[in-house]
Chemist: 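I am attaching a structure below and will ask some questions about it afterwards.
Convention: sequence-line order gives letters A, B, ...; per-chain numbering from 1.
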Amino acid sequence: MNEQVNITLPDGVIKTYPVGVTPMEIATEIGAGLAKSTVAARVNEKLVDACDPIQTDASIKIITPRDADGVEIIRHSCAHLLGHAVKQLYPTAQMVIGPVIENGFYYDIAYERSFTPEDLELIEARMKELIATHYDVIKRRTPRDEVVSIFGSRNENYKLKLIEDMPNETHMGLYYHEEYIDMCRGPHVPNTRFLEHMTLTKVSGAYWRGDSKNEQLQRIYGTAWATKKELRSHLRMLEEAAKRDHRKLGKELDLFHFREEAIGAVFWHHKGWKVFQELISYMRRRQHNAGYIEVNTPDIMDLGLWEKSGHWENYGENMYTSETADDKTLALKPMNCPGSVMMYDHGLKSYRDLPIRMAEFGKVHRYELSGALHGLMRVRHFTQDDAHIYCKEEQMLEECTKIIHLVLDIYKQLGFDDIAIKLSTRPEKRMGSDGIWDILEAALIDSLEALELDYKLNPGEGAFYGPKLEFVLRDAIGRDWQCGTLQVDMNLPKRFELDYVDEDGNKKTPVMLHRALFGSLERFIGILIEHHAGKFPAWLAPVQVAIMTISEPFNEYALEVGKSFDRANIRLEYDIGREKIGYKIRCQTLQKVPFMIVIGAQEAEKSQVTLRHITGEQTTFTNIQDAIDYVSDKCKAPDIV
RNA sequence: GCCUGCAUAGCUCAGUAGGUAGAGCAACUGACUUGUAAUCAGUAGGUCGUUGGUUCGAUUCCGACUGCAGGCUCCA
């Protein structure tokens, strides 16, 4: 009979212990310090509690708060602790689920009233008290019927429903936080002293099982970290994000505004509109070089078109419609594709014409739920840098590859190196046969593989007419934003009976690719504002040069300098009022103007130009043209060499 | 759309335990003619988001509505 187990430590050393030894016992034997920081363990690659007995030979790694797994466990245990505190303060509350999320955790709770920020403070204070008592968290593997009776007697009806979802489990892990009991797969911390660096962040509603048809629960969010330092730096990151908020900067930098008369719609001020136009110019050049043509289709078209395209059935709840005096119903376009299809359909197409890469900066209108709106990031009317590529089936792979190449290169030029790709496959609400979906999904996967790119699968998230790739970029402070998409589609061309004359003289149906690279110009500008914290690169800056004088006698020379810069298409503003130069510099710095020109007696007399960079360094040019050449060079768009 | 919170001058905010409001910046006027992140003084500016109710009296208390913020759902 084998009463010993061989345990392999991470350094390869093999030690022998009695059967049933626990990770905590092993850690204790290795050293008191390790034992003290033991959160859990990885035994044969599986995460287990520090108290779980080991029955067979195994490799082991002790998990401490220094490990990413350790921090996750801390967050998970914080959720339980939240339950402990909530049940003490609000005994009739019913706990639902308390998972770990990025940077923290939440717990969904059913309670007769909503929690307020004051409740949150009370709960957090109670959690801190409980942490300070350093109580042990005790795990008991418990037979199913006993678990049911425990939660039944405690009126934890949601826990009972969750148990019903696990018909095959004969035993559950129960974690005892003193009088509070939670059910969990675990593992969890052995003692609350690990949970010190947490704070509750917000309350909100959340639907039971995530379905808006179900009752609404209260969700309490928190964040937790291994050390005080990490907690503090996370809270600082949130502050930094608040400072970069594009809604705040949009106001401060005079880029755009929103108002009640047109909710979810942007009023672009001339400075913001300049950024918008610059981005479109950039995209036009890139698309032209990539073999695209640009068209423009109507914003409002007969409802019949949208019925035929399937939008009315699949997307109708997001569409705006309008009745006219002649009893026609028209719809504002929520997407550009049907218009593009009309454009293709006009006139005969030959296989020699394909691929046709047809771009359109189309403004689309989508009725979004009011609660979904968010600054420029989520609006009801926005401009897509859309394009539809019509090609033969055998050209599909190459066209997909080209698009992926283009989008990654553009993001890179604009300063985003960290791009994630998501593949969204057939949704429940869709059109077209499974055979077609097989071909389309394979095309996207093949093109990603041809480029050796990693991607994450999002099953069931595709558009109703085809699967899609989504390009997610990571900004300067580590947040992810979804921008571009690429969708492949054989359904719309079929519905609209699009065709081309092939080599053999027969008519064939083209494949249609839908792609947007910025996605929404509005959202992309929001992302750029936050990524650069309002300090646009010079080529995008609404004002590239501020010309300012030391005092009024030099205004005339300042205007002369300004005219020369203006002729060179450099965007400039004058700041030649009676304020002191220090004040002018402060204002222009706060406006994040990349270059300032200071003009006083010295410059006026010698026809010089002194350039001040936003960073504070200065360069003096002995003639205006040299300064213009220098600034022009710095204001070049990244695709222009 | 749902949950919670918020709404005071152009902006950022204070305030009124119910008696029609105040600061800083910005604007305007005047003085100063100024060299690298705020010169000084003065003037003007608000039906306290809208709308009902309670009250002798509501910006303040209560309700409804609208918008905004954070979530949920959805999504470019």
Chemist: Whole-Å distance between B:C74 P and A:Asn314 CG?
Modeler: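 Rounded to whole Å, this separation is 16 Å.
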Chemist: Nearest-nucleotide wise, let me know which of A:Gly210 and A:Arg366 is further upstream toward the 5' end of RNA chain B.
Modeler: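 Result: A:Gly210.
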Chemist: At their closest point, which heavy atom of A:Cys78 faces which heavy atom of A:Phe105, and how far apart are they?
Modeler: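 Taking A:Cys78 first and A:Phe105 second, the nearest heavy atoms are CB-CE2, 3.4 Å.
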Chemist: On RNA chain B, check which nucleotide each of A:Tyr367 and A:Asn318 is closest to and give me the residue with the more 5' one.
Modeler: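 Its nucleotide being nearer the 5' end, the pick is A:Tyr367.
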Chemist: Stems in RNA chain B: runs of 3 or more consecutive Watson-Crick or G-U pairs, distances under 3.5 Å?
Modeler: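 As far as RNA chain B goes, consecutive pairing (with distances under 3.5 Å) yields the stems B:1-7 with B:66-72, B:10-13 with B:22-25, B:27-31 with B:39-43, B:49-53 with B:61-65.
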Chemist: Taking the six-membered ring where the residue is Trp, are the ring centres of A:Tyr158 and A:Trp208 under 6.0 Å apart?
Modeler: yes
Chemist: Would you say A:Ser204 reaches B:C72's phosphate, i.e. side-chain N/O to OP1/OP2 under 4.0 Å?
Modeler: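 For B:C72, OP1/OP2 do not have a side-chain N/O of A:Ser204 under 4.0 Å.
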Chemist: Is there a side-chain contact between A:Gln618 and A:His613, using heavy atoms and a 4.5 Å cut-off?
Modeler: no
Chemist: For nucleotides B:G15 and B:A9, find the distance between their C1' atoms and express it as a whole number of Å.
Modeler: 14 Å
Chemist: Looking at every non-hydrogen atom in both residues, tell me the closest pair between A:Phe416 and A:Ile419 and how far apart they are.
Modeler: O-CD1, 3.7 Å
Chemist: Has A:Lys468 got a side-chain N or O lying under 4.0 Å from the OP1 or OP2 atom of B:A76?
Modeler: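 A:Lys468 to B:A76 OP1/OP2: side-chain N or O found under 4.0 Å.
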Chemist: Would you measure the distance from the C1' atom in B:A23 across to the matching atom in B:A64 and give it in whole Å?
Modeler: 34 Å
Chemist: Got a sec: does the NZ of A:Lys535 have more than 12 other heavy atoms crowding it under 6.0 Å?
Modeler: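 It does not: A:Lys535 NZ has 12 such atoms or fewer within range.
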Chemist: Please determine if A:Arg259 forms a cation-pi arrangement with A:Phe267, meaning its NZ or CZ atom is less than 6.0 Å from the six-membered ring centre and no more than 45° off the ring axis.
Modeler: yes
Chemist: For a side-chain contact (heavy atoms from CB on, under 4.5 Å) with A:Phe621, tell me which candidate from A:Asp626, A:Ile597, A:Val631 qualifies.
Modeler: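 Of the listed options, the one satisfying the test is A:Asp626.
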Chemist: Does A:Tyr106 reach a base, just sugar-phosphate, or nothing at all? Heavy atoms under 4.0 Å.
Modeler: nothing
Chemist: If I pick the C1' atom on B:U8 and the same atom on B:G67, what distance separates them, to the nearest angstrom?
Modeler: 16 Å
Chemist: In whole angstroms, how far is the C1' atom of B:A76 from the CE atom of A:Met283?
Modeler: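 So the CE-C1' distance, A:Met283 to B:A76, works out to 13 Å.
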Chemist: Expressed as a whole number of Å, how far does the C1' atom of B:U29 sit from that of B:G35?
Modeler: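 Taking atom C1' in both B:U29 and B:G35, they lie 27 Å apart.
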Chemist: For a quick check of understanding: with a heavy-atom distance under 4.0 Å over all strands, which category does A:Val379 fall into, base, sugar-phosphate or nothing?
Modeler: base
Chemist: Is any side-chain N or O of A:Arg378 under 3.5 Å from a base N or O of B:C74, one able to act as donor and the other as acceptor?
Modeler: yes
Chemist: Determine the interplanar angle of the A:Phe256 and A:His246 rings, folded into 0 to 90°, and report it as parallel if under 30°, tilted if 30 to 60°, perpendicular if over 60°.
Modeler: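 Correct class here is tilted.
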Chemist: Is it true that the NZ or CZ of A:Arg232 lies under 6.0 Å from the centre of A:Trp225's six-membered ring and within 45 degrees of the ring axis?
Modeler: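 No, A:Arg232 does not sit over the ring of A:Trp225.
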Chemist: Within the structure shown, what part of the strands sits under 4.0 Å from A:Ala516 by heavy-atom distance: base, sugar-phosphate, or nothing?
Modeler: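 Since no nucleic acid heavy atom lies under 4.0 Å of A:Ala516, the category is nothing.
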Chemist: Expressed as a whole number of angstroms, how long is the span from A:Leu369:CG to B:G71:P?
Modeler: 16 Å
Chemist: Could you walk me through whether A:Tyr107 and A:Tyr221 pass ring-ring contact (aromatic ring centres under 6.0 Å, His included), step by step?
Modeler: CA-CA 7 Å; A:Tyr107 217 127; A:Tyr221 286 89; over 10 Å; no
Chemist: What distance, rounded to whole Å, do you find between the two P atoms, one in B:U51 and one in B:A58?
Modeler: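 It comes out at 14 Å once rounded to the nearest Å.
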Chemist: Let me know the distance between CE of A:Met377 and P of B:C68, rounded to the nearest Å.
Modeler: 16 Å
Chemist: When A:His365 is tested against each of A:His381, A:Lys333, A:Arg380 for side-chain hydrogen bond (donor to acceptor under 3.5 Å, both in side chains), which residue passes?
Modeler: A:His381
Chemist: Name the closest nucleotide to the A:Phe382 side chain, picking from B:A76, B:G70, B:C72.
Modeler: B:A76
Chemist: For A:Ile529, run the side-chain contact (heavy atoms from CB on, under 4.5 Å) check against A:Leu253, A:Leu255, A:Asp245 and tell me which one passes.
Modeler: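 That would be A:Leu255.
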Chemist: Can you build the contact string for nucleotides 30-38 of chain B? Use B for base contact, S for sugar-phosphate-only contact, and - for no protein heavy atom under 4.0 Å.
Modeler: --BBBBBBB
Chemist: Under 4.0 Å, heavy atom to any atom of RNA chain B: which of residues 244-276 of chain A qualify?
Modeler: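 The answer is A:Arg247, A:Lys251, A:Glu260, A:Ile263.
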Chemist: Pick base, sugar-phosphate or nothing for A:Gln588, based on heavy-atom distances below 4.0 Å to the nucleic acid.
Modeler: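 Nothing, no heavy atom under 4.0 Å.
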Chemist: I'd like to know if A:Tyr207 reaches the base of B:G71 with its side chain such that a donor and an acceptor end up less than 3.5 angstrom apart.
Modeler: no
Chemist: So do the side chains of A:Arg571 and A:Val545 get within less than 4.5 Å of each other, counting heavy atoms only?
Modeler: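 Counting from C-beta outward, A:Arg571 and A:Val545 never come under 4.5 Å.
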Chemist: Between atom CD in A:Glu121 and atom C1' in B:G5, what is the gap in whole Å?
Modeler: 13 Å
Chemist: Quickly work out the A:Asn458 CG to B:C74 P distance and round it to whole Å.
Modeler: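 Taking atom P of B:C74 as the reference, CG of A:Asn458 is at 12 Å.
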Chemist: For B:U59 and B:U54, measure between their C1' atoms and round to the nearest Å.
Modeler: 16 Å
Chemist: Report the distance from atom CG of A:Asn336 to atom C1' of B:A76, rounded to the nearest whole Å.
Modeler: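 It works out to 11 Å between those atoms.
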Chemist: Considering only the C1' atoms, how many Å lie between B:C74 and B:U20, rounded to the nearest integer?
Modeler: 45 Å
Chemist: Could you tell me the separation between the NE2 atom of A:His374 and the P atom of B:A76, rounded to a whole number of Å?
Modeler: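 That distance rounds to 16 Å.
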Chemist: With rounding to whole Å, what would you report as the distance between B:C28 and B:G71 at their P atoms?
Modeler: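 Taking atom P in both B:C28 and B:G71, they lie 39 Å apart.
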Chemist: Flag this pair as yes if the NZ/CZ of A:Arg430 is under 6.0 angstrom from the six-membered ring centre of A:Phe464 and inside a 45 degree cone about the axis; otherwise no.
Modeler: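 Cation-pi check for A:Arg430 and A:Phe464: fails.
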